[in-house]
S.K.: 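Okay, here's the structure, questions in a sec.
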Amino acid sequence: MSAPKKLFIKTYGCQMNVYDSERMAEALGGQGYEETKSADDADMILMNTCHIREKAAEKVYSELGRFKKLKAKNPDLKIGVAGCVAQAEGEEIMRRQPIVDLVVGPQSYHRLPEMESKAREGKKVLDTDFPEEDKFEKLKSRPKAKRGPAAFLTVQEGCDKFCAFCVVPYTRGAEVSRPADRILREAQDLVERGVREITLLGQNVNAYHGAGATGDVTLAQLIWELNKVDGLERIRFTTSHPNDMQDDLIEALGSCAKLMPYLHLPVQAGSDKILKRMNRSHTAESYLRLIERIREARPDILISGDFIVGFPEETEEDFQATLDLVEEVRYGTAYSFKYSTRPGTPAAERPLVDPAEADERLQRLQALLTRQQREIQDSMVGREVGVLLEKPGRFDGQMVGKSDYLHAVHVADCDRPVGDLARVRIVSSGTNSLGGVLI
Ligand code: SAH
Ligand code: SF4
Ligand code: F3S
């Protein structure tokens with residue numbers, strides 16, 4: 001047998017890309033590839049890209065510029081571009097960067113092995129179709145390969161919401177839910193391979209409505225099924241849309257034992273005028289009432305959010321409404337971005353806010369969010385939490401893992417193995433993590 005070829009995958013963007021990269025690596029395993037951590041000795045480099053903001057997309061071209069040297073040294077090196085930039089700009093990538101052999105969009109990953117063979121024959125291959133067949137069924141995993149204790153599992157992909165700023169409906173396509181039995185089978189397989197925590201992924205995960213034995217299954221029903229899987233200890237899901245937050249899911253947050261007290265619920269802005277122009281179809285008030293109901297069901301839940309500042313025509317008063325909303329919600333974590341114009345989206349036609357003004361607003365919002373995040377993190381000191389141990393820490397006897405609330409925790413004098421769900425008392429709070437001891 002010939003020596004395995006080496007595959008280097010570089011992943012940008014969201015958690016779904018992380019999941020997709022794992023599946024692509026597994027699919028190429030069948031072609032005799034093994035993953036390597038360095039681009040220098042690779043036989044194939046695959047970039048799994050993100051198109052969400054201009055900067056993310058631009059990175060692809062600068063990175064390809066660097067890989068050019070490697071290709072000059074090793075003409076057999078194959079270079080592929082996958083992900084959302086591949087979908088949006090595939091042909092342009094091929095034109096601008098002749099070193100690229102292969103371009104594959106997110107809905108065609110199951111065709112990757114075939115494409116790789118063609119690329120090996122010296123052909124240029126591009127596939128950015130939205131095929132009918134179920135790519136997940138065709139992306140079979142390598143049986144029983146061991147893995148870490150926390151895993152992602154895509155249950156829903158694509159988006160029909162068309163927020164005015166967002167490329168996702170174009171790059172990932174229409175919203176599609178995977179059938180429930182296939183998800184349960186994949187979860188079972190992950191657990192057999194050592195997984196203890198599964199994060200269900202979808203661009204609109206709470207709009208999940210996959211086929212079940214007796215009709216469509218909601219996300220909450222799927223979670224209750226997963227709750228029965230022996231050996232699975234924790235369930236999370238992301239990302240949710242405020243308009244798809246159904247009653248049964250809110251109830252599950254309050255009563256499902258394995259479902260963790262953490263909810264990522266992006267609001268984007270606090271001004272109803274801006275929300276309307278963003279095509280978000282919720283108001284600040286409806287979002288606040290929703291948070292209230294969720295907290296009634298699960299009082300200790302940690303709320304996380306996404307924000308865009310400097311959306312076209314955002315005034316200082318509009319921005320102030322965002323700050324007011326943040327004050328009211330109190331976020332445990334949040335991601336905030338300066339608006340980035342995406343060609344082809346409706347908002348791209350609208351007049352921009354002065355960039356210096358937008359920068360200044362972003363700084364003010366981030367200062368507030370950082371303060372809230374720190375306060376909530378500090379308030380964990382003295383509490384008992386579960387920590388799923390993921391790896392040894394930097395110090396002797398130390399282990400690192402995530403709490404129920406997704407805080408990173410360093411556990412001192414910890415004699416438990418990776419994969420254990422330890423009971424931990426939090427004793428300190430640092431810049432980005434907590435310190436704890438076993439109970
Ligand atoms: N519902 C999605 C959101 C994906 S994009 C999900 O599954 O996560 C993640 C975040 O990027 C969005 O919530 C938004 O805050 C931000 N974002 C999207 N388009 C953007 C743009 N054009 N400029 C700046 N930020 C953007
Ligand atoms: Fe983008 Fe809006 Fe869909 Fe989220 S809900 S993926 S922000 S269009
Ligand atoms: Fe980026 Fe595509 Fe995810 S644009 S955020 S990689 S869905």
Side-chain angles (χ1 to χ4, degrees), residues 10-21 47-60 81-89 105-107 109 128 152 154-176 199-208 219 237-245 263-270 274-275 277-282 304-312 314 322 331 333-350 352-353 355 358-359 361-362 365-366 369:
K10 184 141 189 177
T11 306
Y12 303 85
C14 62
Q15 292 151 320
M16 196 172 282
N17 267 9
V18 175
Y19 175 83
D20 287 343
S21 288
M47 295 173 70
N48 194 4
T49 62
C50 174
H51 201 244
I52 202 79
R53 284 168 289 275
E54 193 179 354
K55 267 202 196 117
E58 275 307 309
K59 260 191 222 150
V60 178
V81 181
C84 291
V85 183
Q87 186 63 45
E89 302 177 13
Q107 301 311 332
Y109 291 158
T128 50
F152 295 129
T154 293
V155 302
Q156 176 277 335
E157 192 172 353
C159 184
D160 297 338
K161 296 275 192 291
F162 291 92
C163 298
F165 49 79
C166 183
V167 295
V168 172
Y170 313 97
T171 63
R172 292 274 165 176
E175 194 193 291
V176 177
T199 303
L200 306 174
L201 297 183
Q203 268 88 35
N204 262 297
V205 73
N206 56 342
Y208 175 83
L219 182 65
F237 60 91
T238 198
T239 295
S240 298
H241 192 285
N243 286 12
D244 292 317
M245 214 54 216
L263 180 65
H264 185 57
L265 197 63
V267 66
Q268 313 299 354
I274 295 296
L275 285 170
R277 292 185 187 181
M278 286 178 163
N279 193 29
R280 287 291 293 181
S281 56
H282 59 76
S304 155
D306 286 349
F307 297 89
I308 295 177
V309 303
F311 185 80
E314 180 190 72
T322 299
Y331 287 91
T333 71
Y335 306 87
S336 47
F337 313 97
K338 184 163 97 165
Y339 170 73
S340 169
T341 305
R342 308 312 290 127
T345 60
E349 311 297 318
R350 315 290 306 171
L352 280 175
V353 169
D359 279 328
R361 284 179 197 163
L362 183 61
L365 175 62
Q366 288 183 338
L369 289 167

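In this text, all values refer to a predicted model and were calculated from it rather than measured experimentally. Just so you know, ligand 1 is whichever comes first in the structure, and atom 1 is the first atom listed for that ligand.
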S.K.: State whether the shortest distance between N or O atoms of Phe165 and N or O atoms of ligand 1 falls below 3.5 angstrom.
M.R.: yes
S.K.: Please report which non-hydrogen protein atom sits nearest to atom 3 (Fe) of ligand 2, along with the residue it belongs to and the distance in Å to one decimal place.
M.R.: Cys159 SG, 2.3 Å
S.K.: Checking contacts here: is it the side chain or the backbone of Asn204 that comes within 4.0 Å of ligand 2, counting heavy atoms only? Could be both or neither.
M.R.: side chain
S.K.: Could you tell me the residue and atom name of the protein heavy atom closest to atom 1 (Fe) of ligand 2, and the distance to it rounded to 0.1 Å?
M.R.: Cys166 SG, 2.3 Å
S.K.: Would Thr239 count as a polar contact of ligand 1, with the cut-off being nitrogen or oxygen pairs under 3.5 Å?
M.R.: yes
S.K.: By number and element, which atoms of ligand 3 are closer than 4.0 Å to a non-hydrogen atom of Asn17?
M.R.: 6 (S)
S.K.: Hey, is ligand 1 close enough to Ser340 that some N/O pair sits below 3.5 Å?
M.R.: yes
S.K.: Counting from 1, what ligand 1 atoms have a heavy atom of Gln268 closer than 4.0 Å?
M.R.: 12 (C), 13 (O), 14 (C), 15 (O)
S.K.: Using a 4.0 Å cut-off to any heavy atom of Arg53, which atoms of ligand 1 qualify?
M.R.: 11 (O), 16 (C), 17 (N), 23 (N), 24 (C), 25 (N), 26 (C)
S.K.: Looking only at protein heavy atoms, which one is nearest to atom 7 (O) of ligand 1, and what is the separation?
M.R.: Gln203 O, 2.9 Å
S.K.: Could you tell me whether some N/O pair between Asp306 and ligand 1 is separated by less than 3.5 angstrom?
M.R.: yes
S.K.: Evaluate the 4.0 Å heavy atom contact test for atom 2 (C) of ligand 1: does a protein atom fall under the cut-off?
M.R.: yes
S.K.: Just heavy atoms, cut-off under 4.0 Å: does Pro169 contact ligand 2 by side chain, backbone, both, or neither?
M.R.: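 For Pro169, the contact with ligand 2 is made by the side chain alone.
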S.K.: His241 and Gln203: side-chain donor and acceptor closer than 3.5 Å?
M.R.: no
S.K.: So which protein heavy atom does atom 4 (Fe) of ligand 2 come closest to, and at what separation?
M.R.: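 So the nearest neighbour among protein heavy atoms is Gln203 O, 4.4 Å.
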S.K.: Would Cys163 count as a contact for atom 1 (Fe) of ligand 2, in the sense that one of its N, O or S atoms lies under 2.8 Å from it?
M.R.: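 Given the 2.8 Å cut-off, Cys163 does not count as a ligand of atom 1 (Fe) of ligand 2.
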S.K.: Would Cys14 count as a contact for atom 3 (Fe) of ligand 3, in the sense that one of its N, O or S atoms lies under 2.8 Å from it?
M.R.: yes
